[in-house]
Amino acid sequence: MPELRELYQELILDHGKRPRNFGKLEGANCQANGYNPLCGDKITVYVNVDDNIIQDLRFEGVGCAISTASASLMTEKCKGKSLQEAETLFHLFHELLTGEVGEESAAELGKLSVFSGVKEFPVRVKCATLPWHTFRSALQGIGEVVIKE
Amino acid sequence: MIPSGTTSQVRMPASEPLSAFNVWRVREDFPILKTQVYGKPLVYLDNAATSQKPQGVLDALNRFYAQECANVHRGLHWLSELATQDYEDARVKVQRFLGAAEAREIIFVRGATEAINLVAHSYGRKYVQAGDEILITAMEHHSNIVPWQILCQEQGARLRVAPINDAGELILEEFQKLLNSRTRLVAVGHVSNALGTVNPVRQIIQMAHNHNIPVLVDGAQAVPHLKVNVQELDCDFYAFSGHKFYGPTGVGVLYGKVRWLEEMPPYQGGGDMISAVTFEKTTYNSLPYKFEAGTPHIAGGIGLGAAVDYVSEVGLNQIAAYEHELLAYAARQVSRIPGLRIIGTAREKAGVISFVLEGLHPHDIGTILDREGIAVRAGHHCAMPVMERFGVPATTRASFACYNTQEEVDALVAGIQKVQEVLA
Ligand SMILES: Cc1ncc(COP(=O)(O)O)c(C=O)c1O
């Protein structure tokens, strides 16, 4: 069970059950839908970008604890960040889930480091990255992302 | 242990009481069931995805490759004759098992999916024209939806879908209403892989035949669990996969009535399906070879024959009765869990319990059960319209085979309780 506890940490369970920034963002100037056909997870990410800064960021959809928590913590983390900072976080988060990240990166990821346990569950990596891919697509003006196997 | 190739020690007279089915003895035949995962005994409850294989099937595969590997229908040499004989014997085993009138009505294909695609391609392009209709049900597997969609798109035909009720049963009155003079084919699942519903196919076929409409039955989830007799059903086509029936992957069966198979054009062109080729004209081979272009999955066919032997030896009626009890037990135990809702509560069910747990996503449930050594499926089960119908994104599905035990059901229940604990 240690890996399970590593995966389902308090913070993840909390955000999985009570996601922050959940619900439609009225007047969003970017948005995208993400879909993971393997498990049926669906997410819509709404972003308001102004002056190169993510002014506001919300999401809605249905997903597992991992994807919901990931979306929730992502919105908390990225609000107020510049587009470049968000892009850096996207890559750091990806590294966290697929390999080792250094201390400096871990510090930068902050709370997001809680997802490091997902590494041990390769089939669940996509759950955690779906919100991020969707977010990135929204910023790039791509309306749909489907995570493939 | 059931020795392959002999039946004397295990054939049970039909009159023998149910207790004669000894699940522990059956388990001995499946080497994989001794596997430990994460240090725990494997509890394999994903049989609707694929079943495990008994030693007799493994031996048949090995024997083919080790002792009689040759191409079929092509060589004059000893090995080729041996391989051909075994491959054709397997066809006869399947024929008898399905109660088909003739062996040439049994076409070996890759699986249920290919069987359905064959009919959609061959029957479909010949008989389905613009304005015609194909009728399916709302509980079909994607493999009994998408080939018809493709056909309908190409021919300008229309796909009609008969609805199901909240229990996951086909609404027969609605089905009846959808049958009309434009309906060219009914394609219906015998047992739903997402809900476990057993459809009244006999009745469905009669209803369709009253309108002179042929019926294809997708039996992928039926053949492992209940006795099928295609002549009694009077179905026009019957499709199933070997791998869900204790047989190898990559082989399956399309049964078709001779009258249709004779009239239908070939599905693929190539070797074996011809009797004479010139650049001007090709004469097609006779049935079933007309539909078996290229070198088939010879070992697979022989392995499927061994699976038929195995199931016949254990006794499908015994298996059906045992699984029926096990499923009832599982439904009782599982439905006691607070917050759990079973999706698919048809009166007639086989093999499957699909459920949702309040506030918990199937994917998380699947991961935690996995760490308990319990293999279930979490997802949409290739039946997204069914998920939509029940307003859930996905379910967790436990599906049973003849080697599952009450103890494994108890392990599942304990596992679900663990899920609730971990995710609380
Ligand atoms: C009801 C049903 N039909 C068809 C299929 C397709 O079988 P295969 O993937 O072996 O071709 C399945 C497999 O999941 C099924 O459950």
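Everything numeric in this text was worked out from a predicted model, so none of it was measured. Numbered from 1 within each chain, the chains take letters A, B, ... in sequence-line order.
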**Message:** Just verifying a value: how many Å separate Leu4(A) CG and Glu421(B) CD, rounded to the nearest 0.5 Å?
**Reply:** 11.0 Å
**Message:** To the nearest 0.5 Å, what is the distance between CZ on Arg371(B) and CZ on Phe121(A)?
**Reply:**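 One finds 3.5 Å between CZ of Arg371(B) and CZ of Phe121(A).
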Check each atom of [X] against the heavy atoms of chain B and say whether the ones under 4.5 Å are side chain, backbone, both or neither.
X	answer
Leu13(A)	side chain
Leu7(A)	side chain
Glu120(A)	backbone
Lys17(A)	side chain

Do other residues, nucleotides or ligands put more than 12 heavy atoms under 6.0 Å from [X] [atom1]?
X	atom1	value
Arg110(B)	CZ	no
Glu388(B)	CD	no
Gln84(A)	CD	yes
Lys42(A)	NZ	no
Glu103(A)	CD	no

**Message:** So which residue, Leu423(B), Ile365(B), Asp370(B), ends up with the most heavy-atom pairs under 4.5 Å with chain A?
**Reply:**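 Greatest number of close heavy-atom pairs with chain A: Leu423(B).
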**Item:** Side-chain heavy atoms of Tyr8(A) within contact of Thr367(B), under 4.5 Å
**Value:**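 In contact.
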**Request:** Report yes if the side chains of Ile66(A) and His361(B) come closer than 4.5 Å at any heavy-atom pair, otherwise no.
**Result:** no
**Asked** Does any heavy atom of chain A fall under 4.5 Å from the side chain of Met384(B), the backbone, both, or neither of them?
**Response** side chain
**Message:** I need the minimum non-hydrogen distance between His380(B) and Pro37(A), along with the two atoms involved.
**Reply:** NE2-O, 2.7 Å
**Prompt:** Quick one: of Gly16(A), Cys127(A), Ser67(A), Ala65(A), who has the most non-hydrogen atom pairs under 4.5 Å with chain B?
**Reply:**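 Counting heavy-atom pairs under 4.5 Å, the top option is Ala65(A).
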